[in-house]
**Student:** 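Take a look at the following structure, please.
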Amino acid sequence: MADILRTALYLFISVFVILNYGLLLNGLVRKIVARAHGRVGPPIWQPWLDILKTYAKRSAISHGVMFFLGPIFRLAGGLGTYLFIPAIYGSVMFANLSFSGDLLLVMYFIFFGQLGMALGAGEGGHPNSAIAVGRGLSQMTSFELPFALSVIALAIQYHSLSITEIVAAQQGGILNWTIFTNPLATFAGLFALLGMNMHSPFDIVLAPQEVPIGPPTEMQSSFLGILQTNRAIFLSAKLVLFMNLYLGGATNIFAMMLKTFMLYMLSVVVGVSFPRFRTEQSIRFFLGVPTLLGLAAVIIFML
Amino acid sequence: MTKETKHNPSILENNGLPEFERDYFCDARPEQSRPLAKYIEKFLNWARANSLWLLGFGTGCGAVELRPLMTARYDMYRYGIAPRPTPRQSSVFIIGGYASVKTTKRIIRSYEQMQQPKFVIALGSCPINGGMYWDSYNTINRIDHYIPVDVYIAGCMPRPESIIAGFDLLKKLIKEGQAEGANKYIENLDWYKANQKKIIKDWNMPDYNW
Amino acid sequence: MSLKDILSPFYVWKRAFEKPYTTANPLTDRPGAPRYRGFHDNDMEKCIGCGTCADICQNAAIDMVPVEGIQTSKEDSGLRPKIDYGRCCWCALCVDICTTNSLNMTREYTWVDTDPDKFRILAGAQENFWTGKETGYKLGEGYKLLDHDRITMPMVDPKEGIKSFIELVKGYSKEQAIKEADRCVQCGLCIATCPAHMDIPNYIKAIREDNIPEAVRILYETNPMSATCGRICTHRCEEVCSIGVNGDPIAIRWLKRYIIDQVDRKEIAKILRNEFKPNGKKVAVIGAGPAGLSAAYYLTTVGYSVTIFETNEKAGGMVRYGIPEYRMPYEQLDKDIDAILDMGVELKTGVEIGVTESFDDIYKNYDAVFLSVGLQDSYSLSITGEHLPGVIPGIQLLDDVTKGQIPDLGKKVIVIGGGNTAMDAARTARRLAANVTILYRRREEDMPADQEEIEEAKREGVKFITRAIPVHIDLGENKKIILHWNKAEMLDQGPGKRPKPVLIVGEAYTEAVDTVISAIGQSPIYKLLPEEIGSQIKFKREKVITDKYGQTSLPKIFAGGDIVNDIADAISAIADGHRAAQGIDLYLSKQVKVK
Amino acid sequence: MKEIIQRLKQQFTISNVNQQRVDLTFLSVKKEQAVSLISYLRDFEKFSHLVFLTAVDRVEDIQFQLTYMLHNYNTHQDLGIRVLIDREKAEMASIHHLWKQAGTYQRELKEMFGIDFPGSPRVDESFILEGWDNIPPMRRDFDTKKYSEETYFPRPGRESHDPESYMKSKLYPEGDA
């Protein structure tokens, strides 16, 4: 019983930390992007204000049960992804619920939220939501391929589907990291990360000038608040996962922050520099070089 | 402004809609929202004042003056102002100058779909007293007869600096808890509806949009 | 796709290491441009409330409202523009059109408020946040919406002019008149100043629209002697013309003359088409000057039968006998008079009241009497020697010339006085081939004569000696008379008072001349009034006291013209006549003393 | 351009030919011949672009004047065809079969002037003035200022004085001429 309570407390702390870290990352990146635009940018605490304001809306309307469940599914997806990833190698508090087959579960959770969201957004009835969901799912399917190939290559390489074991295998020096031991799989995975983060050129889902904001068009007040919460958690969860898979994980919280920040900056640097792809361009891109890289990685380790 | 205490029963039955569509829309009166306990509300108002999401609906010439605000020169993001493409998520509606009857109809629909608390900034001469289009057959003369307005900015069109000044005033009002336009709208709903229905001849929309 | 295509977009990140372009505080760091069109500012002192700004405003954004502390006067309507910023579109047409250049724009452009009813402001009068701020937009150099230059009136060359009594002013052509009328902004400030309150803006508008019949109709509403007034009116209206603040005033007098020159006597009757029923009542008018003629005209139009008694051979009074022909050609005067007589007014000339006709008879036989006998006597110089032969009054000279009795003035003539009569006398003497000098006790700017009269006199070779007080007159040799005069200096009498000329000791001069003409003013003669009637009428400084309708203390007797008003010009006399006609009508239709 | 006019004259009764600029000519044609003239110009004279279709309310003559502006991309000539139609029973044959976009112009003319184009697509649907129930606003007998003042709540509290009458009331009130 005490074990369960302690685990719950640790999970709570872990989620709280990762939520605030996600918001901080958001605020920091907005500032950095603003500088690249030649602007001053919003204060670094702007994401907290926004999320507070959204939760503090005095009214909210629902379009039905699925509309209500959409954000919940999304948050469940984000939380689920994070909770099964050991955030810091060797830390009890941040080990979360990691177990031996967790990589598969995490891969499932990454996409679970998106599907839930698609259902919720559909219930809202806004045409822009439907268009964006269609775009999002198409793109998701296409970057899923290099990502899956990359993960398969890793599983073959490390003979494990446990993230903790994969991280453990990379310990003992920078050259043990997957990025050096299996660069092909790493690059395939990083390309998938670009797509997953939905920054330009892969932001067809949100596409501000086309389907104004995409799936959450009808989401407001606390519904939107949940989505904003999820966005912070899910972003960090993805980054932690990629850090664990390719960058040797982290043994303390500062290493984790540094590595995830660097990973996120990859998306940001690319995002600021390039304009948006159209849906078919995006799909063609993911099925091209990244998929080939993934395939090559798998084949090399099969041999 | 006249405040009617008795509710007019003729509105909110969605009479303007065809029979088969009436079921799709709610016809209950909207309810006023109550502020929370003093200090909590004060804290929330501070957050609201510093996170103003404005509705990206360019209703008139003023739409063109909002664009510079996003540029590096003015950078409205540093004031916590950001455009949102949907009324559901926005808290500030900027009436960008003149509003034709056709636009006014959309303004009302969009305004009602915004979630409380919501604020309105009227830009330029036209929403105040008609401006250049004071004698036009199809342009309203004063927006405050149709939706409650918190801040007016004089000009034709006001420069982006003036709009920033308008946001400053709005922030002050929000922090002082005076920007209760949404409640005012619901309180005087019959009056606003009567005014709206006077000019919008084909009322083929629900009486109130949630 | 080359590697360069992939790498070059990352170049954008160099900006992240530069200083941001953002203006730190846009509200203070970016003032309006030097010619920015911000909120209005109005100079309360310069503004005359003509309302042209309100007229030109396409958005009906400007109201003319009274302002506390600003008095309505003849030059100032007392109204000031109040601008509705719920209407203004900052086009600045009001600034461009402003007749006085009092309206400008500041560089302030930010005004936010929660109360939409506040966006109305009396620029310049109400204290607000831009009071005293730097001026932005104002009328640019060399750029104007208003036409400040009067169309030059074609004139006879002065050298030719002094050879005969030919009319000097030639009159506008149609093109010129329309162009001149086009300069008018229709503010209507002039109406208050005109003694007859003529509807000036509307007859100018009729000229612009080339609608002469309408213009004539407007003229006759308030003035039945437009051919006369179009020539010799003292045109006080032009002094308050809003265009005159920064440019030449509209040539209102010449435009009036233009209208009446376009029609002949028969057409006037046709245009006026007065249809009235005779009401059987009779009114006597004594004196066929402008006041009498005007009263007769307006009384006739409402059905009275009017008889005018005139001592002279012809009607016209001082306009005929006191104004030389080069200014007031007789056929033009006749046109006015004939048009009035065409209405059915009876004119008896050569009647001398008290000699050929008894005042008592008239008083008994008529329902009302209008007295407009004018000023026939000259003020005396009150110096020794003024009764010597060769010293003649100015009006007598003018009267004689009109009647064809050309006097011998000799070679050298001195005219004493600075009024219009002095100018007329001097210029008439010039036409009789004399060398003329005008002697005036004050400075030239103090002269009561019209500026253009003075200028024309100078152009015709009349010499001016100012600050010269005649002391006495001697008889010299060869029928010459010697005028002794002394230089004077102007002594300040304190603020608001006219400076007084005082002799300078030791600066005495003498001049030997052939004729001295005194033209320092005229006074009335009331000897036609019988004792018992004269004693019942109240006077003050030789002028008859009347109420605003010209009624004297004796209800049946009305008076007007120079014997009543102090301005003593034709247009005032015409206005008096019109008012008296209204008074007589009120008196006779209600049989009450009007007050 | 002269040759085109010559050719037109052989088939149609055209009048008031007025060449305003080198590349801009106007001509008038009878209502009955207008559509076939325009059709001919499009198909045989290469005036393939309908620049605009607009109307002028000649209320004094109880007529509407329609102007079809056509453009020839080969010679860059503009040709305006003026057609007078009766104002009381304002009706004109549609040209939406020649240019699809003419339907939009015709919808607008129906709404703003009340000129009917039978057969034109969606011509009876409201276009900009949703639910307009007055006389068409572009007709000159419609008083837009009066309508605006009656309908759109001009802000109260304004009053203005005319300098002329104000001075009269202050300086020479009542009774004086």
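Protein chains get the first letters and strands the later ones, always in sequence-line order, with residue 1 at the start of each.
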**Student:** For the CE atom of M157(B) and the SG atom of C89(C), what is their distance to the nearest 0.5 Å?
**Tutor:**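 Spacing of CE (M157(B)) from SG (C89(C)) equals 12.0 Å.
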**Student:** Check A165(B) against L27(C) and note the closest heavy-atom contact, atom names and distance.
**Tutor:**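 Looking at all heavy atoms of both residues, the shortest contact is CB-CD2, 3.7 Å.
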**Student:** Taking side chain as everything from C-beta outward and backbone as N, CA, C, O, which of these in A24(C) sits under 4.5 Å from a heavy atom of chain B? Side chain, backbone, both or neither.
**Tutor:**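 The backbone, not the side chain.
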**Student:** Write out all pairs satisfying salt bridge (Lys or Arg N to Asp or Glu O under 4.0 Å) with one or both partners inside residues 65-78 of chain C, taking only residues at least two apart or from two chains.
**Tutor:**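 For residues 65-78 of chain C: D76(C)-R80(C).
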**Student:** Kindly give the heavy-atom pair with the smallest separation between P26(C) and I164(B), and that separation in Å.
**Tutor:**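 Closest heavy-atom pair between P26(C) and I164(B): CG-CD1, 3.6 Å.
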**Student:** Given that the side chain runs from C-beta out, which part of I153(B) has a heavy atom under 4.5 Å from chain C: side chain, backbone, both or neither?
**Tutor:**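 Contact with chain C involves both backbone and side-chain atoms of I153(B).
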**Student:** Can you pull out all donor-acceptor pairs below 3.5 Å that join chain C and chain B?
**Tutor:**
residue: T22(C); atom: N; partner: A72(B); partner atom: O; Å: 3.4
residue: T22(C); atom: OG1; partner: A72(B); partner atom: O; Å: 2.8
residue: T23(C); atom: N; partner: R73(B); partner atom: O; Å: 2.9
residue: T23(C); atom: O; partner: R78(B); partner atom: NH1; Å: 3.1
residue: T23(C); atom: O; partner: R78(B); partner atom: NH2; Å: 2.8
residue: A24(C); atom: O; partner: R78(B); partner atom: NH1; Å: 3.0
residue: R30(C); atom: O; partner: R159(B); partner atom: NH2; Å: 3.1
residue: R30(C); atom: NE; partner: Y74(B); partner atom: OH; Å: 3.2
residue: R30(C); atom: NE; partner: E161(B); partner atom: OE2; Å: 2.8
residue: R30(C); atom: NH2; partner: Y74(B); partner atom: OH; Å: 3.3
residue: Q58(C); atom: O; partner: W134(B); partner atom: NE1; Å: 3.2
residue: D84(C); atom: OD2; partner: N129(B); partner atom: ND2; Å: 2.6
residue: Y85(C); atom: O; partner: S125(B); partner atom: OG; Å: 3.1
residue: G86(C); atom: O; partner: N129(B); partner atom: N; Å: 3.3
residue: G86(C); atom: O; partner: G131(B); partner atom: N; Å: 2.8
residue: R87(C); atom: NE; partner: N129(B); partner atom: O; Å: 2.7
residue: C88(C); atom: O; partner: S125(B); partner atom: OG; Å: 2.8
residue: Y109(C); atom: O; partner: S162(B); partner atom: OG; Å: 3.2
residue: Y109(C); atom: OH; partner: R159(B); partner atom: NH2; Å: 3.2
residue: T110(C); atom: OG1; partner: S162(B); partner atom: OG; Å: 3.2
residue: W111(C); atom: O; partner: A154(B); partner atom: N; Å: 3.0
residue: D113(C); atom: N; partner: Y152(B); partner atom: O; Å: 3.0
residue: D113(C); atom: O; partner: Y152(B); partner atom: N; Å: 2.7

**Student:** Please look at L173(B) and chain C and tell me whether the side chain, the backbone, both or neither of the residue comes under 4.5 angstrom of a heavy atom of that chain.
**Tutor:**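 Only the side chain of L173(B) comes within 4.5 Å of chain C.
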**Student:** May I ask you to name which of G130(B), G155(B), P160(B), P158(B) has the most heavy-atom pairs under 4.5 Å with chain C?
**Tutor:**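 Most heavy-atom pairs within the cutoff with chain C belong to G155(B).
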